[in-house]
Amino acid sequence: MKIAEVIVDVSAYPVDRPFDYSIPETMEELIECGCRVKVPFGNRDILGFVVAIKNETEVPPDKLKPISVLLDIEPVLTGEMLELAKWMKRETISYEIDCLQAMLPSALRAKYEKMVILETDVKNLEEPLQPFFQHATKVDYKEFEKDGLLIPLKKALKMHLLSIENVVKQKGKIKEVRKVKIAADQNLLQMIYEGLSNRAKKQKQLVLWMQKHVGEIMEPEVIHEETTCSPQVLQAVIELGAAEYIFEEVYRNPFKKDVEKTDFLTLTAEQETALKDILDAMDKGSPETFLLHGVTGSGKTEVYLQAIQHCIQQGKEAIVLVPEISLTPQITNRFRSRFGEQVAVMHSGLSVGEKYDEWRKVHQQKVKVVVGARSAVFAPFENVGLIILDEEHESSYKQEDSPRYHARDVAIWRGKFHQCPVILGSATPSLESYARARKNVYKLLTLKERALKQPLPSVEIVDMREELKKGNRSMFSEKLADSIRDRLKKKEQIVLFLNRRGYSSFVLCRDCGTVMQCENCDISLTYHRYNEKLKCHYCGYEQPVPTNCPECGSEHIRYFGTGTQKVEEELTKLFPEARVLRMDVDTTKRKGAHEAILEDFGAEKADILLGTQMIAKGLDFPNITLVGVLSADTSLHLPDFRAAERTFQLLTQVSGRAGRAEKPGEVIIQSYTPEHYAIQFAKEQQYEPFYKKEMMMRHEAAYPPYYYIALIQVSHEDVMMSAEYAKRCADYLRSSLSFDASIIGPTTAGIVRLQNRYRYQCLIKYKIEPNLIPTFLQLMKIYRTEWIKKGIVLTIDLNPTMI
DNA sequence: ACAGGACTCACC
DNA sequence: GTGAGTCCTGTG
């Protein structure tokens, strides 16, 4: 008898291991590793993944159960993915099932539904229950819940008049279209033709026409059009057997429009050199990691495109990762225009079904290239020849919840598995990666010049303290206002960037100084004008704007801070003639809104584009000649050791939006701390000196890349409990790790109370700590077997992006 | 004596 | 995670 090892769809510590199931004979020939199955687990059916097949088991026969349903004839996960999941599980301290699920589109996840089944005659049921079973013997449990009929339901269950069945379904569906298949037999058609009475003129005409299209498959609409026959006529002919309906799988099309084919651009000498190194590695089949450091506008994408071309020519596939926010049609179209139908695109803007279809294109080997956000790193190609991570420094490559994997690490793992190179590209590499490149762990490739030899835009810093002294209390310095006026006159375009983090507008009572706070978190609420509500960005809590202060009852309530909406107001006041487009969370919530705004701006339907982080990247319009950063410092003073790095990266990226074509660009950065090195070096657009300075700072403070860090968070509804167990954590770590590791804390987390839970954290800095993962696994074990019962929640984040 | 709630355990 | 089984308490 064959036995399958199955990882079951339950994220919990005691079941985070394979369970053995016997394989029924009917499945023996079909089942493979990586297939999804339905298995009985406890007293219900759940989903699971087959991770191994073997001939014997230790499980006593009376406990062994058979797999109930095989869900895939073709496995959804390759052997590589199963192995990768095991590695990820250990590397990120998470459950194997979560790792496996992370690799698949959500459409393949299980949907569990409770159904209530009628076991008797309807008349035997209590009055209120009867209507449910008038027309069906199976009714969704939720219906009873909704109508508050759980009590009579429970009674009926007890009396066995009804029973409950748990059903497992897949979330996503494969889309099918109905087509007409004309009979392949010419003689049959002839016979049908002859059998038709002369009065059936239209039918005769249709069958005659079909004889010219024997065996063809076409859409009904096409037939109607070609033959001017009504659907009824077609239906009649089909009933005679001249044709049949068939259902064909189709892919939903997530692209709004087709793109024109583009050709290769001529490379500069620098691009040529970089490309050559990459191609060599591909030819040798060497799993090298390259760091492609190219200034904004240096044509990194063209290097990617030509490397991918080479990859396809070798008969292999390529994965391109792009940060979510810059996954605009502008970017994806560059890949589609070069490689056409061979490209699949994966990002969060797609519907569940669309994502599923793009995934299936890859799974069925219908495409050669995937362009997508973080999770596309799991694209199920079997013959990967190249993996690219664009904007390598972006923090969105790290998943913020379990499994907390970093796409960069997964990419490098897959590169090793497939013996292929990985390219990390950025104008402002993360310090970690740049340090590795300097130590020759990665191979550094540099593009110093812009591809069209345009000069980098000139950058000017305006000291806002001086403006204040001059009596200018607006958010636009004189210099910036003048420049905006100038561009408006010249009909050139402007991008204004508002560094939003920590800058959202809060609401304050002017009499008692109370700031409106979230009920569940220690964080001030943000004012949203479009629906006149106050919102918590952390837990989603919402309330209407109060007319009186909840503390003192005063009516003197004021909105503070500079949200994009406020900037927009002031902008229209100052430049009434300017057409302003605002791009932020509010205006891009609707699907496709993001694209629509950029399209309008590209078509020069507006003069000024005002936005947050999301406009910092990928924006490539020739007519932008001025970029203004309203306040450079807001991200600088966050309590995070990466604050300077982030600010530098952001300013450099934003500056890169200006002067990308013939017209020279100008950048104006407003700041209250213009002397800060992150701002000064961003002005010079010099990465190297910034890197040196920042490395010094990191060295002094013992932060990455000199040390690795791990963050342990403990939370509980009760402050004391939280503090107590955080202390226990720290004590445990101190006793288990070497003296070289320093354990900081427990300290309170950045936001002490979140969703009504108090949070403490420990930070671990270490260099080489062979015992680290085992220690964490042990800590996790203690937590999951003891502390979890007390209501403690503990998370471990290795290499966190924010602390 | 028994219902209902907290707690523990196993799930193949 | 979740239902089943156990123990325990409160109530009539």
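Just the heavy atoms: all of them, side chains too, but no hydrogens, waters or symmetry mates, feed the values below. The sequence lines fix the lettering, A, B, ..., with proteins before strands; numbering per chain opens at 1.
The side chain of A:N43 lies closest to C:dA4 when the candidates are B:dC12, C:dA4, C:dG1.
With respect to the salt-bridge test (charged N to carboxylate O, under 4.0 angstrom), the residues A:K361 and A:D357 do not qualify.
A side-chain donor-acceptor contact under 3.5 Å links A:E80 and A:H418.
Atom P of nucleotide C:dT2 and atom CD1 of A:I97 are separated by 14 Å, given to the nearest angstrom. Per the geometry, CG belonging to A:D45 stands 14 Å off P belonging to C:dG3, to the nearest Å. Distance, A:N166 CG to C:dA4 P: 10 Å, rounded to whole Å. We find that CG of A:D9 is positioned 12 Å from P of C:dG1, with the value rounded to whole Å. Regarding A:E786, its CD atom lies at a distance of 15 Å from the P atom of B:dC7, rounded to whole Å. Atom pair A:K790:NZ and B:dC7:P shows a separation of 11 Å (rounding to whole Å applied).
For the side-chain contact (heavy atoms from CB on, under 4.5 Å) with A:L162, the lone residue among A:V139, A:L118, A:T120, A:I117 that qualifies is A:L118. Each of A:D9, A:N166, A:D45 was checked for a side chain to side chain donor-acceptor pair (under 3.5 Å) with A:Y112, and the lone residue meeting it is A:D9.
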Pairs under 3.5 angstrom, nitrogen or oxygen only, protein versus nucleotides 9-11 of chain B, please.
residue: B:dC11; atom: OP1; partner: A:K63; partner atom: NZ; Å: 2.4
residue: B:dC11; atom: O3'; partner: A:G42; partner atom: N; Å: 3.4

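A distance-only check finds no donor-acceptor pair linking the side chain of A:K416 to the backbone of A:I412 [under 3.5 Å].
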Determine, stepwise, if the pair A:S715 / A:R757 fulfils side-chain hydrogen bond (donor to acceptor under 3.5 Å, both in side chains).
CA-CA 6 Å; A:S715 74; A:R757 302 182 64 87; 3.0 Å; yes
